[in-house]
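Report on the following structure.
As the structure is a computational prediction, the values presented were derived from the model and not from experiment. To find a chain, count down the sequence lines: A is the first, B the second, and so on, and within it residues start at 1.
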Number of protein chains: 2
Amino acid sequence: MATIQDVAKAAGVSAMTVSNVINDHPNVRKATREKVLAAMARLDYRVNVAARNLRKGRTGTVGLAVPEVNSPYYGRLAAAIIAAAERYSLRVCIEQTGASRENELDALSLSRNRLYDGLILSTVGMGPADVELLKVDHPVVILGERIFGGPVDHVAMPNIDASEAATRHLIERGCRRIAIVRGPGGDSGEEEVDVSSLRFTGYQQALRSAGLPADPGLVQSLETLTMRAGALCAREMVRSGLDFDGVFCVTDTVAMGVLRGLADAGVRVPEQVKVIGFDNVEESEFLVPSLSTIDPDHDTMARRAVELLAGRIEQTEPGEPEADREEFVSRFSVVVRESTGGNDTTEREDKG
Amino acid sequence: MATIQDVAKAAGVSAMTVSNVINDHPNVRKATREKVLAAMARLDYRVNVAARNLRKGRTGTVGLAVPEVNSPYYGRLAAAIIAAAERYSLRVCIEQTGASRENELDALSLSRNRLYDGLILSTVGMGPADVELLKVDHPVVILGERIFGGPVDHVAMPNIDASEAATRHLIERGCRRIAIVRGPGGDSGEEEVDVSSLRFTGYQQALRSAGLPADPGLVQSLETLTMRAGALCAREMVRSGLDFDGVFCVTDTVAMGVLRGLADAGVRVPEQVKVIGFDNVEESEFLVPSLSTIDPDHDTMARRAVELLAGRIEQTEPGEPEADREEFVSRFSVVVRESTGGNDTTEREDKG
DNA sequence: TTGTATGCGTTATCAG
DNA sequence: CTGATAACGCATACAA
């Protein structure tokens, strides 16, 4: 493989001049430039990115650590982030953490190893106890939860408020016995900070505000928030004779399963039971019935996360006064569809 | 940031010894090793991956170029590939090409720049005319189509056979006027090699074998294979009074839209119209009605693709006799669900 | 406008 | 078992 030296020799110039041509430096005579370009073409020269990275101390790549790409939610998020990063000429490398704390820390450490210029970390496995570990000397943005007041930039969803709005929407549509399908946790007594628990809090607040009782029997905790688990859960709720007329699902994915489970059990949605999800994944609009949900404005979140990260990367060298850590909470809207009795037209109710 | 030299100094050894410790080389005395490890911990040392890459001429990262991560199909594929790559200690960096030929070539060139040790390329935009461009001197595996007899390894789906089986399944279930919802193309007169056209070919073969006429009015070509396009298409088919009792959708994604569109039009599936898709994305099982489809065994494809790529990477240096280019075609099965009159239990019909 | 010298941090080689 | 030396390919600072 040809190096910059080979090109220099072939073009009868110095390596420096070749470098200048490659990087579009202004001070190169046209004739020289063309001579060099010709030599590059002749030798099929390619820059060696590893060498350039070493020299510059930058890789032009940021890491994105998410639990899994193969999910409507994280897939969409990843796509939005890749798109946003492009505007900063940043490549995105996705790490799947499988929601494990271990792997999330691994991702942090890869970034530390300077494989990445920075890291966008969607924490699911790490808890407040790990805040200390986030005190690293390279750019990190936490995405998707609102758990750390901590030492890093943070882009979050209004989990509690939005869940309250979702539940309130069910109440406004006449539901009185509203179940929640949530993820694991919620029984430790400590303050819970995972997405599922935050959304549960919002649900509780809405019930309280409306003066509805909080029946523990209406709380369904699943090990995993998958479609399969949602379907099993819904079937079991019906089979066991549980009395409910509404379901708030903490993610659209699990809501898809719930809709399927209710159909299996012969329960009509929205006539007998109304269902609302959270995330507004692409599929929601095309289910039968279409799924009412919370839209947390992924694109804005993704843009803001990349913006923050790019900013930190920029000011990493100059020793400028570090900007304060920022916390950005996205706006949200309630998307009303058939599963709560909406019609085809999507009504939006903006909140923030 | 501490370097290997700093650690060496702190531990009172040479840089080489530190390197040996880091890389678990056998010939290091235990006492020395511990001295070094202590120094590393004290200085919070991290290897500089860029320097290592430069020195070794490898990055330990492979590229995966797909049209988009935010799709049930490619999301699942990406997840499978990441998992498979892990077993070879290879990191995967996803490039979104947006199905554009330009971006697919860009990905090739990044690989050429040695950012990646190799590339798995899911071609959609490139055509047979670009075969020449694949003649590169670094490892590449083409994934997902069966278009190039060409100069690279190739992991493909049995698009034609599987589509024929899907269509035959509709016929066996009693359909006689079977529509196909396919992507753009198919009117150029030339031999078409994109996924959609290959699947169309399988559809035609099945009709011919069964002695059914091929009515051009039953062929729906969509600009994009999205849920939205599928829904619009299905509504329009019904509205226009088209006579059909079965639909073969070339992807599950578009099939999801079609199911929704038929529901909008008041058409009952499977009683009035039967529907089958292709890909067996996770959602298919949980739709109402659940979607019959083709399962092309993604996991095996992903594993084989990574295996081939890792093999090429391995034998890149030694100047060994290059192994012949390989073409791997996965097995498939027909998954029968409610949309073609199946019951809850998934019946599988293995083919390959 | 172009060239020279130097070092980024690591590891392969080989000598001790 | 350990260390000295060199080189991976590029870009920065500075000199010419």
(request) With sequence neighbours excluded, tell me which residues meet side-chain contact (heavy atoms from CB on, under 4.5 Å) with A:A84. (result) A:R303, A:V306
(message) Give the residues of residues 29-37 of chain B touching DNA chain D, defined as any heavy atom closer than 4.0 Å, sorted by residue number.
(response) B:R29, B:T32
(request) Go through the structure and list residues passing side-chain contact (heavy atoms from CB on, under 4.5 Å) with A:N70, not counting sequence neighbours. (result) B:R76, B:A79, B:E282
Exercise answer: donor-acceptor pairs, residues 102-109 of chain B side-chain atoms, under 3.5 Å, sequence neighbours excluded:
residue, atom, partner, partner atom, Å
B:N103, ND2, B:T97, O, 3.0
B:N103, ND2, B:S100, OG, 3.4
B:E104, OE1, B:G125, N, 3.3
B:E104, OE1, B:M126, N, 2.9
B:E104, OE2, B:V124, N, 2.8
B:E104, OE2, B:G125, N, 2.9

(message) Using modelled atom types and a 3.5 Å cut-off, is there a donor and acceptor pairing between side-chain atoms of A:D117 and backbone atoms of A:T59?
(response) yes
(message) Do B:V62 and B:L309 have side chains that approach each other closer than 4.5 Å (heavy atoms only, starting at C-beta)?
(response) yes
(message) Both A:L54 and B:S14 contact DNA chain D. Which one's nearest nucleotide lies toward the 5' end?
(response) B:S14
(request) To the nearest 0.5 angstrom, please state how far the CD1 atom of B:I81 sits from the CG atom of B:L64. (result) 4.5 Å
(request) List for me each residue that meets side chain to side chain donor-acceptor pair (under 3.5 Å) alongside B:E34, sequence neighbours excluded, and say none if there are none. (result) none
(request) Give me the first and last nucleotide of DNA chain D, going 5' to 3', that has any atom under 4.0 Å from a heavy atom of chain A. (result) D:dG9 to D:dA13
(request) State whether the side chain of B:H298 and the backbone N or O of B:D279 hold a donor-acceptor pair below 3.5 Å, judged by distance alone. (result) yes
(message) Using only atom types and a distance under 3.5 Å, with no angle test, would you say the side chain of B:D6 pairs donor to acceptor with the backbone of B:T3?
(response) yes
(message) So A:N53, base contact, sugar-phosphate only, or nothing? Heavy-atom distance under 4.0 Å.
(response) nothing
(message) For DNA chain D, which residues of residues 43-52 of chain B approach it to below 4.0 angstrom with any heavy atom?
(response) none
(message) Of all nucleotides in DNA chain C that come within under 4.0 Å of a heavy atom of chain B, which is furthest toward the 5' end and which toward the 3' end?
(response) C:dG9 to C:dT13
(message) Strictly by side-chain hydrogen bond (donor to acceptor under 3.5 Å, both in side chains), give each pair with a member in residues 78-95 of chain A just once, sequence neighbours left out.
(response) A:E95-A:Y116
(request) For A:R101, check salt bridge (charged side-chain N to carboxylate O under 4.0 Å, His left out) against everything at least two apart and list the hits. (result) A:D130
(message) Tell me if the NZ atom of A:K35 is crowded by more than 12 foreign heavy atoms within 6.0 Å.
(response) yes
(request) For A:I4, report the nucleic acid contact type (base, sugar-phosphate, nothing); a contact means any heavy atom under 4.0 Å. (result) sugar-phosphate
(request) Pick out which of B:L143, B:T300, B:I120, B:I142 makes a side chain to side chain contact (heavy atoms under 4.5 Å, CB included) with B:V155. (result) B:L143
(request) Give A:N23 one of three labels, base, sugar-phosphate or nothing, depending on what nucleic acid heavy atoms sit under 4.0 Å from its own. (result) sugar-phosphate
(request) Report yes or no: does B:D153 contribute a side-chain atom to a donor-acceptor pair with the main-chain N or O of B:E326 at less than 3.5 Å? (result) yes
(request) Using side-chain contact (heavy atoms from CB on, under 4.5 Å) as the criterion, list what pairs up with B:N48, not counting sequence neighbours. (result) A:L54, A:R114, B:A50, B:A51
(message) Between the opening five pairs and the closing five pairs of the helix from C:dT1-D:dA16 to C:dG16-D:dC1, how far apart are the helix axes, to 10°?
(response) 30°
